[in-house]
Amino acid sequence: MRLSRYFMPTLREAPADAQIVSHQLMLRAGLIRQEAAGIYAWLPLGLKVLKKIEQVVREEMNRAGAVEILMPTLQLADLWRESGRYDAYGDEMLRIKDRHDRDLLYGPTAEEVVTDIFRSYIKSYKDLPKNLYNIQWKFRDERRPRFGVMRGREFLMKDAYSFDVDEAAARKSYNRMFLAYLNVYARLGLKAIPVKADPGPIGGDMSHEFMILADTGESEVFAHRDLVEMGAPGPDVDWEGDLEPEVARRTSLYSASDEMHDAARFDAMPEDKRMTARGIEVGHIFYFGEKYSKPMKAHVTGPDGKDVPVHMGSYGVGVSRLVAAIIEASHDEAGIVWPQVVAPFGAAVLNLRAGDAGCDAACEQAYKALADAGLDPLYDDRDERPGAKFAAIDLVGIPQQLIIGPKGLADGVVELKTRATGERQTLPLDAALKAVIG
RNA sequence: CGGAGUGUGGCUCAGUCUGGUAGAGCACCGCGUUCGGGACGCGGGGGUCGCAGGUUCAAAUCCUGCCACUCCGACCA
């Protein structure tokens, strides 16, 4: 993409409304534009990042055996009356009437819809387990939206729903999601830890929140250091096998956010294993048994010929929140430092003297080579001063920057800068291209 | 929802207390000089000061109502 033809409205100063660094940088780098409290338009750069995160989430869900669908944003109130949640949900639900005066709502979540889909088709225990997910916009009319897309009213969520014949089987589904989530965050370059969450009315030990560690996180988390260092299980998990040991390795180590913190247990650990950090919640998984299947009559026939309500769990990842969370975890004074996997452009070419025949030719050559290599390069071909180009590309956080100017070219070299480390190499164009393309 | 605050060109803000021809920096347009970390000079365009009423000879400024947004708290992907 040639920057001269692109739409990347960067700001030198952060709008006064933005308090936290990710919100400021998202506005300054031209990722989003606020349309109303907690409601944002996604500009080209922001949309690219959002789609890349979405794709990572999608791939890990598929790998773990979940199947993607797409459910509507608008849902019928009648379904929610069946589950009893229409009245229970309160003012956070945006209620709408259509022209026939029929009650609709903008979905804050999709248990009812997915249960309705499930019960229409699945009748036998032999068809279980099933896990259906979608990546769709949600709306929760928060009392107080804040921090940009970190707590918006409209947000993009991946929500998966598992269906099993009994609790033991549901636990296996839960374990798959538990490990898949760790893989998602690891691929996004984040340090994530599962913390025990309030399981709600069902009880038990099957509810976890996933916190990513960032100095500016909203909540305080306490954890055994090994839990962080253990990292993610990786893609080679045997998803059909027994995942309990792999999950137990993690859940047996202490971790809690401040509201669930047990200081006595924490202090009982060796001092060098105690870790206190700030965290941002970016995922929540839980098992809720028959809570929806019972009232909504989502039954399957078991091996004994009797109908039983299915056991369900749901698994959410805040995709739009992850954009902000990654920035919170990865930025510096100059701007955003995107991990390569979610960077809006894989590499940038900076033409320090647009209009100079030598610079133009070298940049065009570099741009084409990077594009041919599939790196989706951004070429700053604008007639701007070098300083403005350095500042803009650093602000939007492009990982690899090929800096091409008349001084270097006179010596037959260009500069290759790595955004994350600030490291610069001076080398001939061919060698620089080789280094970037690999 | 309780408390606090803010609305003035695209952005950051001054001007409001004490009513009297709407300002600055950045951004934008033109010309020139420049050109390796957000240049400089000259010239220029753009705002019915959130909205609606009211007071007044005169309202960004005073009064009333409304709206929007932000922050703190209780709740949450």
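Note that this is a predicted model, so its numbers are computed, not measured. Residue numbering restarts at 1 for every chain, and letters A, B, ... go by the order of the sequence lines.
- Counting any heavy atom pair closer than 4.0 Å across all strands shown, A:Val282 reaches sugar-phosphate atoms only and no base atom.
- B:C71 is paired with B:G3 under the criterion used here, namely a Watson-Crick or G-U wobble arrangement in which both key atom distances are under 3.5 Å.
- The nucleotide whose nearest atom lies closest to any side-chain atom of A:Gln19 is, among B:G38, B:U70, B:C11, B:U70.
- Comparing B:C11 with B:U48, their P atoms sit 14 Å apart, to the nearest whole Å.
- Distance A:Arg353 CZ to B:A39 P: 14 Å, rounded to the nearest Å.
- With rounding to whole Å, A:Glu384 atom CD is found 13 Å from B:G38 atom P.
- Of the candidates B:U34, B:A77, B:G36, the closest approach to any side-chain atom of A:Arg385 belongs to B:U34.
- For B:C40, the paired base is B:G32 (Watson-Crick or G-U wobble, both distances below 3.5 Å).
- For A:Asp332 and B:G37, the CG to P distance is 18 Å, given to the nearest whole Å.
- The partner of B:A22 is absent, by the rule that a Watson-Crick or G-U pair needs both atom distances under 3.5 Å.
- Partner assigned to B:A77 is none, using Watson-Crick or G-U wobble distances below 3.5 angstrom.
- When rounded to the nearest whole Å, the span between CD of A:Glu13 and P of B:G10 equals 15 Å.
- In this entry B:U64 has B:A52 as its Watson-Crick or G-U wobble partner, both defining distances falling under 3.5 Å.
- B:U61 and B:G54 have their C1' atoms separated by 15 Å, given to the nearest Å.
- When the nucleotides B:G38, B:U12, B:U34 are ranked by their closest atom to the side chain of A:Ala16, B:U12 comes out on top.
- Shown here, B:U16 forms no base pair; nothing in the strands shown gives a Watson-Crick or G-U wobble contact with both key distances under 3.5 Å.
- Rounded to whole angstrom, the span from the CZ atom of A:Arg144 across to the C1' atom of B:A4 amounts to 11 Å.
- Nearest nucleotide to the A:Ala391 side chain, out of B:G38, B:G37, B:U70: B:G38.
- Residues A:Asn351 and A:Asp380 have side chains that never bring a donor and an acceptor to within less than 3.5 angstrom of each other.
- Using a 4.0 Å heavy-atom cutoff across all strands shown, A:Asp159 reaches no nucleic acid atom at all.
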